[in-house]
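The structure displayed is predicted, hence computed values, not measured ones. In what follows, chains are A, B, ... by sequence order, proteins preceding strands, each numbered from 1.
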Protein chains: 2
Amino acid sequence: MQYSVGVEYALHCLVYLIDVPSKESVGIKDLAEFQGLSETFLSKVFGKLSKAGIVSSVSGVKGGYRLSKSPEDISFWDVIEAVEGPKPIFQCKNIKDNGYLYRENCCSAPSSCTINLVMLSAEEKMRDYLRSKSLSWLNEELDRVLPKQIREDTQKYFSKSNI
Amino acid sequence: MQYSVGVEYALHCLVYLIDVPSKESVGIKDLAEFQGLSETFLSKVFGKLSKAGIVSSVSGVKGGYRLSKSPEDISFWDVIEAVEGPKPIFQCKNIKDNGYLYRENCCSAPSSCTINLVMLSAEEKMRDYLRSKSLSWLNEELDRVLPKQIREDTQKYFSKSNI
DNA sequence: ATATTATAGACAATATTAATCGGCGATTAA
DNA sequence: TTAATCGCCGATTAATATTGTCTATAATAT
């Protein structure tokens, strides 16, 4: 049980979009090449991000993607939900309602599954944390953690195409 | 991205083992039949629970499974980890280290991925909650939530084979 | 002994994930 | 206005994971 790599791709790519001037954009090709990822697959991921309103696209020559709102307002959870969809982690097929006893007297009111409620609450704890971390927070963290040189070179890489 | 149904099967089945006297056991066949589940698949799930020390098995005629420790000491997370394995739900392939800049000058120290650290912390929030809910808590909750009649009938169902 | 049960592993069907391919329309630059 | 570049979308494939089944084996109560 794991999130798809799409989530990982998305988060890493979005980092590179944070400091891109709002008039510019970065193409899928650049993002894929820079990180050694599949271009076509990455474009699918960005389709989802676009649909979720996290990025906006610029089509045509010199087109690409840019953030469609402030990095302050984009949380880890926003990104994950955009890529993975809203489905809960725990699947509840209401097993108890298929149970022998219920099959016999089928008129009992279908109560909500206690086990599922626990799982939903647990997942909510995780989401709350992910909602509390934004892209701008991540950007600052990376400034703190990564060598200055690398950060600058990276920014340069993605702006060079739009000199 | 979802936990396998095995997790759901396990949790629901374990509920039925809570009140089983420590000298008795419940067979896979009964558990599967009662809930309308695949018997062979359920036996795989119980293999994992057994390996994880959550249940212990009694083989041979009139054999089956019973809890191998107090329901107080079995948490939701214990069960999930037993069935799903210990792998984190976010896959980190250290994309950043495959990046263009790193490919060029490969001698930079491989730092840990900040994105991954966030994901691990988030997951930990979920686990903490799941660790705080035990089978005995669940049992009390079910007593509170489900009709008394259903609970009694259920207990009767699983004890009848060992009169 | 025999029937019943867990255990283990090989196998198979299905679903999901990851990725590719090809065609479309939009945009820009020449 | 034409050619090249790009995002967009749908179909297709390949690889992997999930959800089972089937068989053989070992343990055990009757």
Side-chain angles (χ1 to χ4, degrees), chain A residues 1-10 13 17 23-33 35-52 54-66 68 80 83-85 87 89-91 93 95 158 161-163, chain B residues 1-10 13 17 23-33 35-68 80 83-85 87 89-91 93 95 158 161-163:
Chain A
M1 201 280 298
Q2 284 197 313
Y3 285 132
S4 87
V5 282
V7 172
E8 191 180 2
Y9 290 4
C13 287
L17 298 188
K23 300 278 175 176
E24 297 179 12
S25 65
V26 177
I28 291 288
K29 200 173 172 184
D30 289 332
L31 289 166
E33 225 161 53
Q35 300 172 97
L37 306 178
S38 152
E39 193 181 323
T40 49
F41 184 70
L42 190 58
S43 76
K44 298 253 164 195
V45 174
F46 267 81
K48 292 178 183 176
L49 293 175
S50 180
K51 202 167 276 180
I54 291 173
V55 298
S56 47
S57 65
V58 179
S59 57
V61 172
K62 294 272 174 190
Y65 288 95
R66 66 168 72 104
S68 69
I80 294 168
V83 176
E84 285 282 323
K87 211 166 36 171
I89 286 181
F90 181 74
Q91 36 183 318
K93 305 207 165 122
I95 287 183
F158 286 111
S161 48
N162 301 50
I163 290 174
Chain B
M1 200 278 297
Q2 285 198 313
Y3 285 133
S4 88
V5 282
V7 172
E8 193 180 358
Y9 290 5
C13 287
L17 298 188
K23 301 278 177 174
E24 298 180 12
S25 63
V26 177
I28 290 289
K29 199 174 173 184
D30 290 332
L31 288 166
E33 225 162 54
Q35 299 172 97
L37 306 178
S38 151
E39 193 181 324
T40 48
F41 184 69
L42 189 58
S43 75
K44 296 223 163 196
V45 174
F46 267 82
K48 292 177 183 178
L49 293 175
S50 180
K51 205 167 274 181
I54 291 172
V55 299
S56 48
S57 66
V58 180
S59 58
V61 173
K62 293 272 173 190
Y65 290 94
R66 66 169 71 105
L67 297 187
S68 67
I80 294 168
V83 176
E84 284 283 323
K87 208 166 37 170
I89 62 186
F90 181 74
Q91 33 183 322
K93 304 207 165 124
I95 286 183
F158 287 111
S161 48
N162 301 48
I163 292 173

| query | In terms of the nearest nucleotide of DNA chain C, which residue is placed more toward the 5' end: A/Q2 or A/G60? | reply |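 It is A/Q2 whose nearest nucleotide is closer to the 5' end.
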Would you say [N] has OP1 or OP2 under 4.0 Å from some side-chain N or O of [X]?
| X | N | value |
| --- | --- | --- |
| B/Y9 | D/dG20 | yes |
| A/Q91 | C/dT16 | no |
| A/S38 | C/dT20 | yes |
| A/S59 | D/dT5 | no |
| A/S4 | C/dT16 | no |

Protein-nucleotide distance ([X], atom [atom1]; [N], atom [atom2]), rounded to Å:
| X | N | atom1 | atom2 | value |
| --- | --- | --- | --- | --- |
| A/I28 | D/dT5 | CD1 | P | 17 Å |
| B/K44 | D/dG20 | NZ | C1' | 8 Å |
| A/K23 | C/dT27 | NZ | P | 16 Å |
| A/F41 | D/dT13 | CZ | P | 19 Å |
| A/K62 | C/dT28 | NZ | P | 12 Å |
| A/L31 | D/dG7 | CG | P | 9 Å |
| B/E33 | C/dT4 | CD | P | 13 Å |
| B/M1 | D/dT18 | CE | P | 12 Å |

As an exercise, state the distance from [atom1] of [X] to [atom2] of [Y], rounded to the nearest 0.5 Å.
| X | Y | atom1 | atom2 | answer |
| --- | --- | --- | --- | --- |
| A/K23 | A/R66 | NZ | CZ | 8.5 Å |
| A/C13 | A/E8 | SG | CD | 10.0 Å |
| B/E84 | B/Q2 | CD | CD | 10.0 Å |
| A/I28 | A/L37 | CD1 | CG | 10.0 Å |
| B/K93 | A/Y9 | NZ | OH | 6.0 Å |

- Test B/V83 against B/Y3 for side chain to side chain contact (heavy atoms under 4.5 Å, CB included), laying out the working first. CA-CA 9 Å; B/V83 176; B/Y3 285 133; over 6 Å; no
Check: Donor-acceptor pair under 3.5 Å: do we get one between A/K29's side chain and the base of D/dG7?
Finding: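 Side chain to base: no pair present.
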Mind checking B/G27 for me? I need base, sugar-phosphate or nothing, with any heavy atom below 4.0 Å counting as a touch.
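Answer is sugar-phosphate: B/G27 comes under 4.0 Å of backbone atoms only.
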Practice item. Check every strand shown and say whether B/G63 touches a base, only sugar-phosphate, or nothing at a heavy-atom separation below 4.0 Å. Key: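 If one applies the 4.0 Å heavy-atom cut-off, B/G63 turns out to touch the sugar-phosphate alone, with no base involved.
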inquiry  = Counting only side-chain heavy atoms from C-beta out, which of D/dG20, C/dA18, D/dT5 sits nearest to B/T40?
reply    =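 For B/T40, the side-chain atoms sit closest to D/dG20.
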With nearest nucleotides of DNA chain D determined for B/K87 and B/V58 from heavy-atom distances, which residue corresponds to the more 5′ nucleotide?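 It is B/K87 whose nearest nucleotide is closer to the 5' end.
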(request) Could you pick out which residue, A/E39 or B/E39, lies toward the 5' side of DNA chain D when each is mapped onto its nearest nucleotide? (result)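 Closest to the 5' end, via its nearest nucleotide, is A/E39.
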Would you mind pulling out the nucleotide paired to C/dA30, Watson-Crick or G-U wobble, both distances under 3.5 Å?
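Looking at the geometry, C/dA30 pairs with D/dT1.
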